[in-house]
Amino acid sequence: MNKIDYTANFINRLKEHTGNHIIDIKNIRTFFRGAHFHDSPILTVNGHLFKGQLFRAINLESFEFINCTFEHCSFPEVVFDHCIFTNVKFIDCSFTNSKFLDCLFEQTYIIGGQINDVLFWDCGFSQSLFENCSDNSLINFDGGSYNDLSFNNCKLYNLRLSQFPEKTRTNLNFNETTLEGCSFIQVNFSNSAFNKCTLNSTKFNNCKLTLITFTECKAQDEQYCSADFHTILDSDISPDSLSNNFGINEP
């Protein structure tokens with residue numbers, strides 16, 4: 001039995017829907033760091049609406065999505081490799097066992113839907129948003145940069161977010177979001193904020209918590225956050241926040 005080439009089918013379907021006018025070849029030189037990608041072509045998809053589509057086991061490499069909207073789409077076992085998303089909306093979509101590898105997100109909004117066993121590896125986020133999202137299993141942000149990335153009204157039970165040492169641009173904002181059993185590793189939280197969040201059994205390891213604000217946050221049933229000694233030393237959290245969220249009180 002011949003193996004189905006899902007990626008080729010996807011590209012052909014794109015061309016059919018857009019009359020071959022929406023895809024053009026560019027040079028990737030100005031978009032990605034790393035010499036081995038300097039001369040790779042990039043496929044650009046501009047201004048397209050994808051509605052109710054199932055994208056299964058597709059490997060999309062060097063794609064650029066601009067002004068696109070995905071509504072009620074499913075992405076099981078999809079790999080986005082060195083892709084760019086600019087002013088893209090994912091509305092009520094589901095991601096399962098999906099991977100985003102060295103991708104860039106600018107003004108990209110993931111609104112509603114389910115995120116299960118998804119990896120964002122060394123991705124860059126700028127002015128982007130997760131809103132009304134929930135996870136049933138691990139969401140892993142491994143490395144990457146987070147410049148104005150927000151989580152609004154999300155329910156996150158297995159979020160794991162880490163940074164590589166050289167990644168210092170961080171502006172993370174969590175608003176009215178539940179975090180339970182989540183882990184932050186080597187994250188510089190300077191100029192970040194947690195606002196009206198529930199923080200249960202969330203771990204901060206080797207993080208920098210200076211210029212961070214916790215506003216009306218709480219831990220339920222004494223499921224306090226934990227922080228290693230390095231994080232505590234490299235923080236300027238108010239005594240009230242230490243008490244309410246970490247269970248640390250002044251003697």
Side-chain angles (χ1 to χ4, degrees), residues 30-33 42 44-50 55 60 62-73 75 78-96 98-135 138-156 158-164 166-179 182 184-185 187-197 212-213:
T30 59
F31 293 102
F32 295 116
R33 58 192 179 279
I42 186 165
T44 299
V45 185
N46 194 331
H48 195 62
L49 170 64
F50 301 89
F55 304 95
L60 298 178
S62 300
F63 266 74
E64 181 180 27
F65 296 92
I66 302 174
N67 301 322
C68 292
T69 300
F70 298 83
E71 291 185 10
H72 300 285
C73 294
F75 299 88
V78 173
V79 177
F80 294 93
D81 190 353
H82 285 80
C83 293
I84 300 172
F85 302 86
T86 303
N87 195 27
V88 173
K89 295 181 177 67
F90 295 91
I91 301 173
D92 291 325
C93 294
S94 64
F95 300 86
T96 305
S98 303
K99 296 179 181 179
F100 296 83
L101 308 177
D102 208 349
C103 294
L104 298 178
F105 299 84
E106 184 166 353
Q107 293 182 315
T108 294
Y109 309 99
I110 299 176
I111 302 171
Q114 292 282 329
I115 305 174
N116 303 311
D117 281 327
V118 175
L119 170 64
F120 296 89
W121 185 85
D122 200 17
C123 293
F125 292 86
S126 178
Q127 296 179 300
S128 294
L129 168 72
F130 289 78
E131 184 170 274
N132 296 322
C133 296
S134 61
D135 70 326
L138 182 66
I139 307 175
N140 190 354
F141 293 81
D142 193 355
S145 59
Y146 315 105
N147 182 28
D148 196 7
L149 173 62
S150 297
F151 295 83
N152 294 348
N153 197 32
C154 294
K155 298 185 184 302
L156 305 173
N158 291 283
L159 172 71
R160 182 185 184 276
L161 191 148
S162 64
Q163 279 187 294
F164 296 146
E166 68 275 15
K167 305 293 186 183
T168 58
R169 291 177 58 190
T170 303
N171 184 358
L172 287 161
N173 296 288
F174 294 84
N175 301 299
E176 300 185 74
T177 287
T178 297
L179 296 100
C182 299
F184 298 101
I185 302 169
V187 179
N188 182 348
F189 277 100
S190 297
N191 301 311
S192 298
F194 291 82
N195 180 46
K196 296 183 179 179
C197 292
I212 185 174
T213 58

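Small disclaimer: the values here were computed from a predicted structure and weren't measured.
Between the side chains of Asn153 and Asn132, a donor-acceptor pair is found at a separation under 3.5 Å. Side-chain contact check for Glu106 and Thr86: no donor-acceptor pair (N or O, by modelled atom type) lies under 3.5 Å.
Closest approach of Gln163 and Val187 over heavy atoms only: OE1-CA, 3.3 Å. The minimum heavy-atom distance between Cys68 and Gly47, with the atom names listed, is SG-N, 3.8 Å. The two atoms that bring Phe125 and Ser128 nearest to each other are CD2-CB, 4.3 Å, heavy atoms only. When all heavy atoms of Gly144 and Asp122 are compared, the closest pair comes out as N-OD1, 3.5 Å. Nearest approach of Cys83 to Leu60, heavy atoms of both residues: SG-O, 3.3 Å. When every heavy atom of Ile139 is checked against every heavy atom of Leu156, the shortest pair comes out as CD1-CD2, 4.1 Å.
Note that the CD atom of Gln114 and the SG atom of Cys133 stand 9.0 Å from one another [nearest 0.5 Å]. Rounding to the nearest 0.5 Å places OG of Ser126 at 7.5 Å from CD of Gln107. Of the inter-residue distances, the one linking Thr108 atom OG1 with Ile84 atom CD1 reads 10.5 Å to the nearest 0.5 angstrom. To the nearest 0.5 Å, atom CZ of residue Phe70 and atom CD1 of residue Ile110 are 11.0 Å apart. Between the CG atom of Leu149 and the OG atom of Ser192 there is a distance of 9.5 Å, given to the nearest 0.5 Å. Put simply, SG on Cys103 and CG on Asp81 are 7.0 Å apart, with the number rounded to the nearest 0.5 Å.
For Gln127, there are no side chain to side chain donor-acceptor pair (under 3.5 Å) partners at least two apart in sequence or on another chain. In terms of the side chain to side chain contact (heavy atoms under 4.5 Å, CB included) criterion, residue partners of Asn67 (sequence neighbours excluded) are, by chain and number, Asn46, Asn87. Judged as a side chain to side chain contact (heavy atoms under 4.5 Å, CB included), and not counting sequence neighbours, the contacts of Asn175 are Asn152, Asn173, Asn195. In terms of the side chain to side chain contact (heavy atoms under 4.5 Å, CB included) criterion, residue partners of Asn140 (sequence neighbours excluded) are, by chain and number, Leu119, Leu138, Asp142, Arg160. Every residue two or more places apart in sequence or in another chain that forms a side chain to side chain contact (heavy atoms under 4.5 Å, CB included) with Ile91 is listed here: Thr69, Glu71, Lys89. For Ser190, the side chain to side chain donor-acceptor pair (under 3.5 Å) criterion is met by Asn188, Thr210, not counting sequence neighbours.
In this pair, Phe65 and Phe63 present their aromatic rings parallel. The plane angle is below 30°, not in the 30 to 60° band. Aromatic ring pairs are classed by plane angle as parallel below 30°, tilted from 30° to 60° and perpendicular above 60°; the pair Phe130 and Phe151 is parallel. In this structure, Phe55 and Phe75 have parallel ring planes: the angle between them is below the 30° cut-off, well short of the 60° mark. In this pair, Phe174 and Phe194 present their aromatic rings parallel. The plane angle is below 30°, not in the 30 to 60° band. Between Phe189 and Phe184, the two ring planes are perpendicular [angle over 60°; tilted spans 30° to 60°]. Using cut-offs of 30° and 60° on the angle between ring planes, the pair Phe80 and Phe85 is perpendicular. Between Phe141 and Tyr146, the ring-plane angle classifies as perpendicular under the 30° and 60° cut-offs.
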Please assess Val88 against Phe105 for the test side chain to side chain contact (heavy atoms under 4.5 Å, CB included), listing each intermediate value before the final yes or no. CA-CA 8 Å; Val88 173; Phe105 299 84; over 6 Å; no

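Between the side chain of Thr178 and the backbone N or O of Lys155, no donor-acceptor pair lies under 3.5 Å.
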